[in-house]
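Take a look at the structure below.
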Amino acid sequence: MQRRTFINRSSSAALALALAPTIFIQEEKEYGILELMGKEDIELFGKGINLRKEAHDAFIEMKKAAYKDGIDLKIVSSYRSYDRQEAIFERKFLQYTDDDGMNPTDAIDKIIEYSTIPGTSRHHWGTDIDVVDGYRKVDGDVLVPHKYEGDGPYVDFKKWMDENSETYGFYLVYTNEPKRRGFKYEPWHYSYAPLSIPMLEQYRSKNVASIIIREDYYGAEHFTMNFLKSYIQNNILDINRKLL
Ligand SMILES: [Zn+2]
């Protein structure tokens with residue numbers, strides 16, 4: 001049932017994805033390395049949504065369906081540029097080292113529990129969202145896992161997304177599997193698979209580490225090639241297997 005809806009709703013490209021990912025990827029458009037690293041302006045759609053066209057349209061359909069079930073899908077974060085990610089990384093690095101007195105390596109390890117190294121965020125792609133239920137009044141930070149469990153405010157949201165999001169092409173990225181490495185469990189981060197699968201495929205074929213190692217911002221001088229290689233293996237590639 002869900003599969004049929006997905007196919008009806010989506011383009012022929014998504015149909016190809018469901019049947020044969022390889023063909024789908026070969027027919028897709030090519031993305032440049034700067035675009036995949038958030039260093040180029042891309043066309044974004046929707047006020048407060050800011051996604052690529054196809055992802056935007058699918059999100060609107062999903063949002064309408066969620067409304068009917070009493071849930072207001074509200075995007076907290078979607079597209080983020082390289083410069084924005086660099087500002088986030090630097091702010092955290094300086095906070096952990098200068099204010100908290102951590103050594104640089106430990107500070108970087110702590111940053112990459114939840115935040116990315118600039119140029120490696122899936123939010124650079126215009127396909128990924130951090131999303132919550134706007135109907136719920138929540139104190140403090142909304143992007144914390146315990147609010148999606150037990151008697152947390154986003155339990156109904158989580159249940160709805162578990163049952164419905166894949167119908168619209170949106171898949172959880174950082175799952176709760178115990179053996180998964182890289183970023184911690186993020187019950188709020190979803191990716192529009194028909195676009196992001198081919199984008200990841202192209203991303204990993206490029207030598208992103210060789211660009212990152214030459215960057216110049218606070219913290220970047222502590223990156224080594226070995227660190228970046230294992231970071232890419234763990235944080236970029238150890239995700240929900242349906243998105244590989
Ligand atoms: Zn996110």
Side-chain angles (χ1 to χ4, degrees), residues 24-26 28-46 49-56 59 75-94 104 107-130 143 170-171 173-174 181-184 186 189-240 243-244:
F24 171 73
I25 288 159
Q26 281 169 358
E28 260 308 306
K29 86 175 239 240
E30 286 214 9
Y31 301 93
I33 188 164
L34 296 179
E35 181 175 1
L36 291 170
M37 291 182 75
K39 289 183 176 228
E40 262 175 23
D41 287 339
I42 58 169
E43 199 177 1
L44 298 167
F45 293 82
I49 297 178
N50 287 322
L51 292 173
R52 286 174 192 267
K53 181 79 170 74
E54 201 184 325
H56 164 272
F59 178 77
I75 291 180
V76 176
S77 182
S78 50
Y79 174 78
R80 208 179 292 145
S81 70
Y82 181 96
D83 289 346
R84 175 91 186 89
Q85 193 65 40
E86 184 181 296
I88 293 170
F89 187 95
E90 279 196 316
R91 177 175 52 77
K92 289 195 172 184
F93 182 80
L94 292 174
I108 290 168
D109 285 344
K110 186 166 165 60
I111 292 169
I112 65 173
E113 285 181 6
Y114 285 109
S115 297
T116 58
I117 292 170
T120 72
S121 175
R122 299 178 62 96
H123 285 286
H124 294 328
W125 298 349
T127 58
D128 282 42
I129 50 176
D130 297 333
L143 304 185
F170 285 91
Y171 288 71
V173 179
Y174 309 110
R181 293 157 300 169
F183 296 115
K184 292 195 169 175
E186 294 191 4
H189 186 129
Y190 285 82
S191 182
Y192 183 64
L195 289 179
S196 68
I197 289 175
M199 289 176 91
L200 179 61
E201 181 74 21
Q202 295 186 36
Y203 185 87
R204 62 195 292 186
S205 75
K206 310 197 189 273
N207 194 351
V208 176
S210 70
I211 295 179
I212 294 170
I213 199 98
R214 296 197 301 267
E215 297 287 5
D216 181 26
Y217 52 83
Y218 286 111
E221 71 272 31
H222 300 284
F223 299 150
T224 63
M225 270 324 248
N226 276 343
F227 164 77
L228 291 174
K229 274 180 191 157
S230 77
Y231 168 83
I232 287 167
Q233 203 57 42
N234 294 338
N235 294 57
I236 311 299
L237 299 177
D238 199 353
I239 56 172
N240 184 347
L243 287 169
L244 294 173

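Note that the structure is predicted; figures quoted are calculated from it, not measured. Note: hydrogens, waters and symmetry copies are ignored here, and every other heavy atom, side chains too, is used.
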Rounded to the nearest 0.5 Å, what separation is found between the [atom1] atom of [X] and the [atom2] atom of [Y]?
X: Leu51; Y: Tyr79; atom1: CG; atom2: OH; answer: 12.0 Å
X: Leu244; Y: Ile239; atom1: CG; atom2: CD1; answer: 4.5 Å
X: Ile236; Y: Thr116; atom1: CD1; atom2: OG1; answer: 7.0 Å
X: His56; Y: Ile75; atom1: NE2; atom2: CD1; answer: 8.5 Å
X: Ile111; Y: Lys92; atom1: CD1; atom2: NZ; answer: 7.5 Å
X: Ile33; Y: Ser205; atom1: CD1; atom2: OG; answer: 8.0 Å

**Request:** Dump the intermediate steps for side chain to side chain donor-acceptor pair (under 3.5 Å) on Ser196 and Arg122, then the final yes or no.
**Result:** CA-CA 8 Å; Ser196 68; Arg122 299 178 62 96; 3.2 Å; yes
Mind listing the closest non-hydrogen atom pair of [X] and [Y] along with its distance?
X: Glu54; Y: Pro194; answer: OE2-CB, 4.0 Å
X: Ser78; Y: His123; answer: O-ND1, 2.7 Å
X: Leu243; Y: Leu200; answer: O-CD2, 3.8 Å
X: Asn235; Y: Tyr174; answer: O-CE2, 4.1 Å
X: His124; Y: Ser81; answer: CE1-O, 3.5 Å
X: Tyr171; Y: Ala193; answer: CD1-CB, 3.6 Å

**Message:** Test side-chain contact (heavy atoms from CB on, under 4.5 Å) on Leu143 and Tyr114; report intermediate values, then the result.
**Reply:** CA-CA 10 Å; Leu143 304 185; Tyr114 285 109; over 6 Å; no
**Item:** Residues Arg84 and Glu90 bridged, charged N to O under 4.0 Å
**Value:**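 Salt bridge absent between Arg84 and Glu90.
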Any donor-acceptor pair under 3.5 Å linking the side chain of [X] with the backbone of [Y]?
X: Gln202; Y: Tyr31; value: yes
X: Ser191; Y: Val173; value: no
X: Asn50; Y: Leu44; value: no
X: Glu35; Y: Ile42; value: no

Taking atom [atom1] as the centre, does [X] end up with more than 12 heavy-atom neighbours from other residues, nucleotides or ligands that are less than 6.0 angstrom away?
X: Asn207; atom1: CG; result: yes
X: Glu40; atom1: CD; result: yes
X: Lys206; atom1: NZ; result: yes
X: Glu43; atom1: CD; result: no
X: Lys39; atom1: NZ; result: yes

**side chain to side chain donor-acceptor pair (under 3.5 Å) evaluation trace for His189 with Asp130** = CA-CA 4 Å; His189 186 129; Asp130 297 333; 3.2 Å; yes
**Item:** Pair Phe59-Phe170, side-chain contact (heavy atoms from CB on, under 4.5 Å): steps then yes or no
**Value:** CA-CA 8 Å; Phe59 178 77; Phe170 285 91; 3.8 Å; yes
Got [X] and [Y] here, is their nearest side-chain heavy-atom distance under 4.5 Å?
X: Tyr82; Y: Leu34; answer: no
X: Arg204; Y: Leu237; answer: yes
X: Tyr231; Y: Ile117; answer: yes

**Item:** Chi angles and distances behind the ring-ring contact (aromatic ring centres under 6.0 Å, His included) call for Trp125, Tyr192
**Value:** CA-CA 10 Å; Trp125 298 349; Tyr192 183 64; over 10 Å; no
Review item, side-chain donor-acceptor pairs of residues 219-230, under 3.5 Å, at least two apart:
residue: Glu221; atom: OE1; partner: Gly219; partner atom: N; Å: 3.0
residue: Thr224; atom: OG1; partner: Phe227; partner atom: N; Å: 3.1
residue: Ser230; atom: OG; partner: Phe227; partner atom: O; Å: 3.3

**Request:** Apply the test side-chain contact (heavy atoms from CB on, under 4.5 Å) to residues Val208 and Met37: give CA-CA distance (whole Å), side-chain angles for both, the deciding distance (0.1 Å), then the verdict.
**Result:** CA-CA 8 Å; Val208 176; Met37 291 182 75; 4.0 Å; yes
**Asked** Between the side chains of Glu86 and Tyr218, is a donor N or O closer than 3.5 angstrom to an acceptor N or O?
**Response**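 Their side chains do not contain a donor-acceptor pair, so the 3.5 Å distance test is not met.
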**Message:** Under the criterion side-chain contact (heavy atoms from CB on, under 4.5 Å), I'd like the reasoning laid out for Thr120 against Gln85: C-alpha separation, chi angles, the key distance, then a yes or no.
**Reply:** CA-CA 9 Å; Thr120 72; Gln85 193 65 40; over 6 Å; no
**Asked** How about Tyr217 and Phe89: are their ring centroids closer than 6.0 Å?
**Response**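 Ring-ring flag for Tyr217/Phe89: true, centres closer than 6.0 Å.
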